[in-house]
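Here the structure is laid out as structure tokens; the discussion comes afterwards.
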Amino acid sequence: MNAAIILFPGSNRERDAIRAIEKVTGKKPSLVWHGETALPAGTDLVLLPGGFSYGDYLRCGAIAARAPVMDAVRAHAARGGLVLGICNGFQIMVEAGLLPGVLMRNANLRFVCRMQHLTVERNDTPFTSHYAKGQVIKVAIAHGEGNYEADAETIRRLEGDSRVAFRYSNARGVIGGGANPNGSTNAIAGIYSENFRVLGLMPHPENLIDPLVGGIDGRGLFEGVAGFTRAA
Amino acid sequence: MKARVIVTLKDGILDPQGKAIEGALKSLGIDGIDSVRQGKIFEMELATADRTAAAGMLRGACEKLLANQVIENFQVELL
Amino acid sequence: MKARVIVTLKDGILDPQGKAIEGALKSLGIDGIDSVRQGKIFEMELATADRTAAAGMLRGACEKLLANQVIENFQVELL
Amino acid sequence: MLRTGCRIEKKTRFEASNRRKDEAIVNAIEPDITPELAAAHGLKPDEYARILALIGRTPSFTELGIFSAMWNEHCSYKSSRLHLRKLPTKAPWVIQGPGENAGVIDIGDGLACVFKMESHNHPSFIEPFQGAATGVGGILRDVFTMGARPVACLNLLRFGAPEHPRTRHLVAGVVAGIGAYGNSFGVPTVGGSTNFDKSYDGNILVNAMAVGIAKANEIFYAKASGVGNKVVYLGSKTGRDGIHGATMASAAFDADAEAKRPAVQVGDPFTEKLLLEACLELMQTGAVIAIQDMGAAGLTSSGVEMGAKGNLGIALDLDRVPCRETGMSAYEMLLSESQERMLMVLDPAKEREAEAIFRKWGLDFAVIGETTDTLRFTVTHRGQVKADLPIKELGDTAPLYDRPHIPSPKQAPIDPASIAAPIPHAEALARLIATPDLCSKRWIYEQYDHLILGNTVQAPGGDAAVIRIGDGPKGLALTTDVTQRYCQADPFEGGKQAVAEAWRNLTAVGARPRAITDNLNFGNPEKPEIMGQLIACIEGIGEACRALDFPVVSGNVSLYNESSGSAIAPTPAIGGVGLIEDVSLTASLPFKRPGETILLIGETAGWLGRSLYLREICGCEIGAPPPVDLAAERRNGDFVRGLIASQTVTAVHDISDGGLAVALAEMAMAGAIGASIEISPSLPTPGFLFGEDQARYVVTAAPESAAAIRDAAERAGVACEIIGATGGDTLTLSAGTAILLDDLALANEAWLPRYMAQSHS
Ligand SMILES: Nc1ncnc2c1ncn2[C@@H]1O[C@H](COP(=O)(O)OP(=O)(O)O)[C@@H](O)[C@H]1O
Ligand SMILES: [Mg+2]
């Protein structure tokens, strides 16, 4: 799989993403600087990493969403290419119009870092084929603005088209309530684009690839993408 | 010329910060504030003295960057 | 009555946000903005119609909570 | 510090001369140099006399500012230097001890661990969010200045009594500030220590520690070399931030704290992250000859230090300093504490390459001076020489005081038999576990990204944090500790204990303790009893470090932590670093399985003096603190480390605040598995359950290995007894007094969130 990780000033989980992709696929992703206007030829997956691009000043992801490289990312998505945005990457995607809605400040107004359970809503997408439908996985979260909101119509459409990728749950798969760390609508932790080729999520699967460091529940996502690109 | 741009949440968008401030004000014993909504203000020094051009340029800045029009309104004030 | 409170950084206090926005505007090709400083605005609904009382109350709210007077100035506007 | 009056006068004069030419402005604001002005700069009469003697003339205003910055307590360590020399700083694995930006130890495989702790107490009290944030920023810079990539942060926080009206606001601001900076910069904050005590009501402590990894043969130092090399300024622009910040950090707090407010700096973690990447990239090119971050006293102390260490002069041209504000004077530029700035001496051949790297990262890069062979620190601004001082003497002849000191009165030990339990033990435990000092600190550490970089093997909540180094198998164990109530009662034993507890916490996860950094937080050293505390703590620390082969490689001293004449409890914070050969062989504190045997390692005498049980349950703070037998500490710790290495034990926890009962409760809550314990018949029960005897651990093991462990302990001369077994959903301390684990956990988790959710008062 040819993965390209986009680097913005202030990105800070790119090393985690590089390591996850390399560990799972055996291949180093290429790094693309925010000022570039093209992606490396043959890119299968574009990954927008976590962090605080441009300090997350103004709004999270807002300035990065307008960086030159984002036109190339949009074009890649329009061609049906795979795009994965994690945390700040998700925030950049909604600011860039790649996915609908917004990520507001966590309902309790505090940054939250902890291990968090998620339910995998469907397993027939390029990203989730290595999970079971309804599987509960445990991954890391670390964000101050992960409260997903959109207008009622958008939510209805997302739900109607089953475009919710993951929801916050407890260990037994019970969704929402105290298990929702940020007040997200319908406990949404991640969503797909209409063609399911673009995924944005707040949690950090890239930090869960090693049994010694929290577990391996994040591996499935990278294995899924790698499998999909191999098959394609 | 100086200008300011005010960006506020659209009606109907939940504002947890505003709500938290409302609560905090009440518990400080400050009465008489029914509701609070928090927004952003940008104070700017402009290079131009042409008010029409400035207003247009600032509207552009809001649309392109300063406001997220999914949830926010903006207002341009030339001073 | 409606009121608004504007809280801005004191002169000379570093404003990393404003600086980042300045840079972003430039790289978006929006010219003519020499400097940007970002502040907060609180839009409020007041229960009272007494302007003097309201102004005093809001000043109190700023001093106690809304502004961090170590680094910020505030301004109360009754609308 | 500069008094308010002076500040205002300066300003009005400045405004009056607004229309004149720039040079005129700069000249106009310079006041006459008088002994009063020197005093207002915090220079004592004899210190001012020393300046006059040294330079043989009246200093210029700028020079006075330089002296005040270089000779204040914060930069010169004038009260503590004499005594700090007593600390052991060497070991075969120490690459760099105190004296550089951070300490460096060898961790094998060609790698080094670089770490230091520093305080930002006063700024955090004035503006908790920015104060704490810039504290984190400062310590991170100390670490990456040496060429290390930061891999972890920790902190040690001491707040006033929970009921003090400012405490909640300070907790909220400090925690948010630490989180905001570390999270954005992208370093995991993996541990810390948080206590509440009324002695900190007017002086909170915010000590931040940063840890980095570098190649052992690629460490960068402040020592300049070569005459005529360029001195380069990097990072953010200079503003009027924190002018007199360094002086502020050395002055006791009083009612005019308000007036010092303009000294607050604002942190910009985004720029710091860029600075990190740019510096590390630049270091790879071989262009860097010397590097020094601009911390306290900014350009002054970094410039002087680089020159003095390299036996060179430094000539600065302030016209080339990138400024954020207009009309800045030489005085202001030299003393500004604007954050996220660095000073370097570069190889002239590589200047272009260096500049390109900084421009790529969007950072300021300016050649502002050069090295000279004059051994003088000269500063020119707008065509005028503003300062011309002997560079070595600026540091070397700084005052050094052997201040008068008196020892703290010795306290009598408390006979455990004399303490009767005022309430049932189960109730006492339930209460203790929900006190501000012992409650879960989850509300705090969940606001810190402790998982970024993907190497956090043990997250906050255990005895020490464990992070993997690179892809492993090696790792580091990290902890911060001090028990100020022991230090208050007996500074010498308290100093020893702080080191011993750090050593024990590292041992409890299976690490080999390697070295410490310290942050000595005390009151006004001009008071003999405070000076006595400082000296005794240092001696206690030194003794423990020597006995445990645990040298001090870096540190910081924060004095004058007093308000309205009342001092904080002596608080020598210890940051400990341990090395783990294989992170898959570490131990953690949760009970792992029901039906396992629980063993108590180490001698229990039932020491209740200064215990939390006495304070929280009996309502008195009396007696001598538990003595630390360093030989036993080492013996017991080595024994436990061996058990971990051989994977004989399944859970390990050291015993500290609250004693055995609290340690057991923590293990049970963390593992969600209960336990039942047999009370020792030979000891009074409160002492057995809640005594804070040192050098002890609780371990669990499969029942079939318990006897072997006991035998091995006996052979090693280590006290070890089987005290119970894991299992069930209650903690049973003695027949008939079972507490539901769920209730305990609820009480333990509830205090802090509930306290913080209460409204502002
Ligand atoms: N300010 C803080 N930041 C991060 N972690 C903290 C903080 N305060 C306490 N903790 C964590 O809470 C746990 C309990 O702390 P403490 O009771 O001091 O442990 P110990 O007694 O083993 O030294 C530790 O894992 C510690 O790292
Ligand atoms: Mg411990």
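Here is how names work: the chains are called A, B, and so on, in the same order as the sequence lines, proteins then strands, and each is numbered from 1.
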Report task. Check the pair B/Ile30, C/Leu65 against side chain to side chain contact (heavy atoms under 4.5 Å, CB included), reporting the backbone distance first and the verdict last. Result -> CA-CA 10 Å; B/Ile30 297 173; C/Leu65 181 73; 5.9 Å; no
Query - side chain to side chain contact (heavy atoms under 4.5 Å, CB included) between B/Ile33 and C/Leu58, intermediate numbers included - result: CA-CA 9 Å; B/Ile33 301 178; C/Leu58 288 176; 3.9 Å; yes
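Side-chain contact between B/Leu25 and C/Lys64: absent, with no pair of heavy atoms (C-beta onward) separated by less than 4.5 Å. B/Val5 is not listed as a side-chain neighbour of C/Val36, based on a closest heavy-atom distance of 4.5 Å or more.
For residues 29-57 of chain B, every residue pair satisfying the side chain to side chain donor-acceptor pair (under 3.5 Å) rule, not counting sequence neighbours, is listed here: B/Lys2-B/Glu45. Contacts classified as side chain to side chain donor-acceptor pair (under 3.5 Å) and involving residues 3-16 of chain C (residues at least two apart or in different chains) are given here: B/Glu77-C/Arg4, C/Arg4-C/Glu77.
In this structure, CD in B/Gln17 is found 8.0 Å from CZ in C/Phe42, a value given to the nearest 0.5 Å.
Contacts between C/Ile6 and chain B at a heavy-atom distance below 4.5 Å involve the side chain alone, from C-beta outward.
Taking chain C as the reference chain and counting heavy-atom pairs below 4.5 Å, the highest number among B/Ala3, B/Ala54, B/Gly18, B/Gly39 is found for B/Gly39.
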